[in-house]
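So the structure is just underneath, and the comments pick up after that.
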Amino acid sequence: MQPTKCDLIIKGSYILTQDEDRKLIKGGAVAISGSDISAVGISTEIESGWIADEVVDCGKSVIMPGLINSHTHVPMTLMRGVADDLPLLDWLHNYMFPIESGLTKDLVELGARIGCAEMIAGGTTAFIDGYMYEDMVGKAVDEAGMKAVLGEGFFKFPSPFFKTAQDAWDEIENLNAQFSENARIKTAITPHAVFTTDPDQLAESMEIAERMDLLWQIHAAESVPETELTLNTFGKRPVEILKEYGLLRERTRLHHCVDVTDEEIGWIMESGAMVAHNPQSNLKLGSGICPLTKLLEAGIHCGLGTDGAASNNNLDMFDEMRTAAMLQKGFLQNPEAMPAQTVLDMATVNGARFLGFEDTGALNTGMKADIIVINMDKMHLKPVYNPLSHAIYSAGGQDVCLTVCDGKVLYQNGKFSTLDVETISREAEKAVEWALRRLEKR
Ligand SMILES: [Zn+2]
């Protein structure tokens with residue numbers, strides 16, 4: 001039989017397919033046509049069945065799905081390292097908010113470009129964001145060739161960004177309309193948190209999410225001080241407020257859930273809401289440890305996120321996977337907690353569901369070709385017994401040698417095909433002076 005034509009074949013020593021059987025293929029290849037995966041299998045079979053315009057042989061390598069970041073604020077790369085070693089509320093009110101209230105569209109775009117470049121080079125192909133001027137994040141994502149869910153954040157009105165609720169709702173409608181034809185970009189309704197908004201505003205925003213059929217995401221129960229603040233203001237805990245106002249729904253995405261009771265975990269599970277786990281940000285801000293094992297055992301669908309680069313301080317999902325796996329083991333004094341496969345699921349297939357991109361997160365025929373490759377020809381990845389183990393416990397984002405999204409090569413052996421990283425680097429240096437001036441004016 002004549003081989004079928006395709007655009008690209010990627011070959012490597014192993015494929016972590018993340019398909020339904022979590023199949024591992026030794027000596028495998030993926031055939032790609034346009035934006036889709038045409039076939040996944042053993043190299044010899046793929047090469048006899050398919051003929052490609054381009055074959056990328058990655059040598060000693062692991063091919064796997066692009067990683068999915070379930071919680072971040074990409075433009076916050078601009079604030080990476082500006083303020084460390086502070087508690088959440090101090091950090092937010094005395095450092096992040098003063099800088100953020102002076103942000104311009106250009107700066108947000110620059111921050112998003114830095115973040116997209118970092119994620120592409122580190123093997124992340126999709127993320128869900130929450131920030132201001134998300135149209136600029138969308139512009140960067142579109143040019144970068146990644147996938148994203150954009151969330152235009154809002155706080156109590158008036159805020160530095162929206163004087164009235166109507167202003168915010170109009171902007172959300174505009175953002176959604178702007179990207180409605182773009183299959184790689186979706187939008188989400190994004191109130192910042194219970195303690196920085198008010199319940200009626202949250203309820204109104206949920207009506208908009210229902211009407212527009214969008215995800216509704218919020219920071220929830222991130223730390224004990226947040227719970228205390230919410231209790232003092234509203235007389236109830238964050239997740240209690242969400243339940244009381246009917247905000248726990250299937251479309252709800254909760255970020256953090258560190259300070260949650262067993263009863264609250266039950267409510268989240270019954271509602272079908274999903275939770276993003278952000279272990280490094282929780283550790284760095286001293287917010288505590290999310291009872292992730294309990295959430296998963298309760299049947300809650302969980303994704304994995306880095307949170308913003310100012311509280312992490314990178315957007316490396318490999319780093320995050322390793323921390324997620326280790327943290328629960330130490331927390332529960334149980335090395336069997338959070339096995340590598342569970343962590344990889346959170347960062348791939350489950351992350352895809354978290355973002356509402358159902359056609360990514362696994363390497364299967366018919367899925368989108370969102371693929372990354374780890375270069376295993378490195379000393380810290382030798383020898384290889386189990387590629388899954390290396391992906392979670394030994395590899396880092398810097399080991400990624402190829403990133404493909406929707407069938408397009410975005411990054412290969414240190415070179416970006418869509419982003420001008422030299423210009424981005426130069427502009428990033430200039431942004432430092434701007435941020436420091438903002439802090440002087442506090
Ligand atoms: Zn966050």
Side-chain angles (χ1 to χ4, degrees), residues 68-84 86-93 95-97 99-100 103 108 111-112 115 118-119 124 126-134 137 148-155 159 161 188-197 202 215-227 229-230 238-239 242 252-260 273-290 292 302-317 319-320 323-324 346-347 351 354-355:
I68 295 171
N69 191 339
S70 288
H71 178 53
T72 190
H73 314 282
V74 215
M76 289 185 87
T77 50
L78 286 179
M79 277 86 91
R80 193 196 319 263
V82 76
D84 301 315
L86 295 168
L88 174 66
L89 298 178
D90 184 10
W91 177 80
L92 269 181
H93 289 285
Y95 294 88
M96 295 304 119
F97 293 163
I99 294 177
E100 288 174 336
L103 279 174
V108 167
E118 180 185 358
M119 284 192 280
T124 294
F127 64 93
I128 177 164
D129 203 52
Y131 212 62
M132 283 76 67
Y133 302 137
E134 283 284 318
V137 179
V149 182
L150 309 174
E152 183 71 32
F154 57 87
F155 301 82
S159 74
F161 300 93
I189 305 292
T190 310
H192 177 259
V194 172
F195 74 103
T196 49
T197 53
L202 293 180
L215 296 180
W216 188 90
Q217 58 168 342
I218 189 166
H219 292 97
E222 183 169 353
S223 67
V224 171
E226 181 202 312
T227 302
L229 201 64
T230 313
V239 177
L242 294 175
T252 303
R253 301 292 183 266
L254 305 173
H255 301 301
H256 301 296
C257 289
V258 169
D259 184 31
V260 282
M274 299 184 190
V275 173
H277 178 49
N278 307 280
Q280 293 196 345
S281 172
N282 297 154
L283 288 172
K284 181 158 187 282
L285 294 171
S287 301
I289 297 174
C290 166
L292 178 66
C302 296
L304 183 68
T306 57
D307 210 344
S311 64
N312 188 298
N313 287 358
N314 63 43
L315 305 178
D316 185 343
M317 284 291 290
D319 214 13
E320 206 69 36
T323 305
M346 286 173 63
F354 193 98
L355 267 61

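Ligands are counted one by one from 1 in listed order, and the atoms in each one are counted from 1 as well.
- Qualifying side-chain contact (heavy atoms from CB on, under 4.5 Å) partners for Thr306, counting only residues two or more places apart in sequence or in other chains: Asn69, Thr72, Asn312, Leu315, Met317, Glu320.
- When each of Gln280, His71, His255 is paired with Asp307, the side-chain hydrogen bond (donor to acceptor under 3.5 Å, both in side chains) condition holds for His71 and for no other.
- Scored by the salt bridge (charged side-chain N to carboxylate O under 4.0 Å, His left out) test, Asp259 finds Arg237 as partners (sequence neighbours excluded).
- Inside a sphere of radius 2.8 Å centred on the Zn ion (ligand 1), the protein N/O/S atoms present are His71 NE2, His73 NE2, His219 NE2, Asp307 OD1.
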What verdict does the side chain to side chain donor-acceptor pair (under 3.5 Å) test give for Ser287 and Ser223, after you've listed the backbone C-alpha separation in whole Å, the side-chain angles of each residue and the deciding distance to 0.1 Å?
CA-CA 5 Å; Ser287 301; Ser223 67; 5.0 Å; no
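- Arg253 places no side-chain N or O within 3.5 Å of a backbone atom of Ala276 that could act as its donor or acceptor partner.
- Every residue two or more places apart in sequence or in another chain was checked for a salt bridge (charged side-chain N to carboxylate O under 4.0 Å, His left out) with Asp90, and none qualifies.
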